[in-house]
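The next block holds one structure in the form of structure tokens; read it before the comments.
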Amino acid sequence: MSHAELLARHRAVMPAWLALYYDEPIEIVRGSGRRVEDAEGRRYLDFFAGILTNAIGYDIAEINAAITEQVARGVLHTSTLYLIRSQVELAERIARLSGIPDAKVFFTNSGTEANETALMLATQYRRSNQVLALRNSYHGRAFGTIAITGNRGWSATSLSPLRVSHVHGGYRYRSPFRHLSDEDYVRACVADLRDVLATTTAGDVACMIVEPVQGVGGFTLPPRGLFAAFKEVLDEHGVLLVSDEVQTGWGRTGDHFWGIQAHGVVPDAMTFAKGLGNGLAIGGVVARGELMDAITAQSISTFGGNPLATAGANAVLDYLENHDLQANAAKLGTRLLTGLRAATEHNEIVGDVRGVGLMIGVELVEPGGDTPNPRAAARVLEEAKARGLLVGKGGLHGNVVRMAPPMTLTEDEADEGLEALVAALESVRRETTGDATP
Ligand SMILES: Cc1ncc(COP(=O)(O)O)c(C=O)c1O
């Protein structure tokens, strides 16, 4: 009864708004590679990786060694008042990988803080509190980041330090422009951007922030080139472009190291977190040097980029590079996406199968239409779990099942996960449509 007992204790002391997955939530107590075990001894293949954070997987010898070596030195933390060799090394690597000219890096403990920092940089640099964001976005849980989040389910307050306007583009499946060709879709979104700039701003906007693939929003992505087309308009007004790479960074999208690169554009700043620490708390911003240096007061993150987190993160980058995990994400992502599309072609509750690399979403609908079906998504999570597979959920309506396994996924594991998910989707289809055929 260990899960039930822990759940009761959790409910008594944790906030009501901290949602747990599953009718019977589980505690994960052990892990190896892409597999985890819960406190009651059940084993699962993990296709959500602690919300895309265990990018390399569980119990990775090289990362464990880097962490234990730092622990053995007796120094977990010193603060940014002192030089930190592993932090400087990591910053140099990220600056180089970013492709941003003269880049500088600031480390935080989370994606939220990374985005708050990017907003601070852009608003200071431009001396403007106006920001553009995409509808259906998620950027974090603090006041600035909630203000730019475009998803009612994650907008806990309307209080805002910023004047925010949201534009179309990120969520094509439910866009008024959904029936257009890629080219016309981009054209319509650019026209919307121009209209928003002209009708809802004072012109001197600080920045636009985008997720190249919307994560919490349900792994939605626009046609390639949309953000380059946006940038042309932004450049006319001197508006900066910030890419939130918290979910899309480190090669997870397969084709590129950063999600925004699919659009052929170099942003002024990028924010990152999640996968970089493979579970250690680390995030940050990489930006053009003059933009990074725009803050005129002192500012620190006490823990940000501490010796332990940066030792681990350097080992994560080594592992990513040495094993070419970006190529693996491209190969197995295509295998999963193609397999899933073929297997669900006739499944009436599947409205859309989309994604890139190891970010794959299945949007569930009421049979015969496109009405969001969040109940089906919750049921698919349960059915997948019963088959030994952990997947995620998301989307504006909570009706998107999300797959984002560690990037070390093997072909056999991809096939095993795909089979379990397809069976779960089929089981929920039958339940939803009342199909009793054997
Ligand atoms: C795209 C994106 N940005 C920012 C965040 C916030 O990151 P954190 O939860 O580490 O504060 C998230 C978290 O899910 C995210 O998906």
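Order of appearance sets the numbers: ligands from 1, and atoms from 1 within every ligand.
Between L76 and the choices N306, I67, V71, the side chain to side chain contact (heavy atoms under 4.5 Å, CB included) rule is met once, by V71. Tested against E363 for a salt bridge (charged side-chain N to carboxylate O under 4.0 Å, His left out), the candidates R172, R402, K393, R174 yield a single pass: R174.
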- Message: For R34 and D46: C-alpha separation, side-chain torsions, deciding distance, then whether salt bridge (charged side-chain N to carboxylate O under 4.0 Å, His left out) applies.
- Response: CA-CA 6 Å; R34 273 68 52 201; D46 185 1; over 6 Å; no
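Using a 4.0 Å cut-off to heavy atoms of S110, the atoms of ligand 1 that qualify are 10 (O), 11 (O). Proximity to Q247 (heavy-atom distance under 4.0 Å) selects the following atoms of ligand 1: 14 (O), 16 (O). Those atoms of ligand 1 with a heavy atom of N115 less than 4.0 angstrom away are 3 (N), 4 (C). Close contacts of ligand 1 with G111, meaning ligand atoms under 4.0 Å from a residue heavy atom, involve 6 (C), 7 (O), 8 (P), 10 (O), 11 (O).
Residue contact check for ligand 1: G215 places no non-hydrogen atom closer than 4.0 Å to it. Under the 4.0 angstrom criterion for non-hydrogen atoms, R141 is not in contact with ligand 1.
Side-chain contact of E290 with Y125: a donor-acceptor pair under 3.5 Å is present, judged by distance alone. Side-chain polar atoms of E89 and S86 form no donor-acceptor pair below 3.5 angstrom. With no hydrogens or angles considered, a side-chain donor-acceptor pair links H139 and D244 at under 3.5 Å.
Contacts between E113 and ligand 1 below 4.0 angstrom, taking non-hydrogen atoms only, are absent altogether. Residue A273 does not touch ligand 1, judged by heavy-atom distances below 4.0 Å.
The residue from V246, T108, I148 that puts a heavy atom closest to atom 15 (C) of ligand 1 is V246. Closest heavy-atom approach to atom 11 (O) of ligand 1 within the set I51, D244, T112: this belongs to T112. Nearest to atom 4 (C) of ligand 1 by heavy-atom distance, out of H139, K274, E211, is H139.
For R178 and Y173, the positive end sits near the middle of the six-membered ring, less than 6.0 Å away and at most 45° from its axis.
Surrounding CZ of R93 are more than 12 heavy atoms belonging to other residues, nucleotides or ligands, all under 6.0 Å away.
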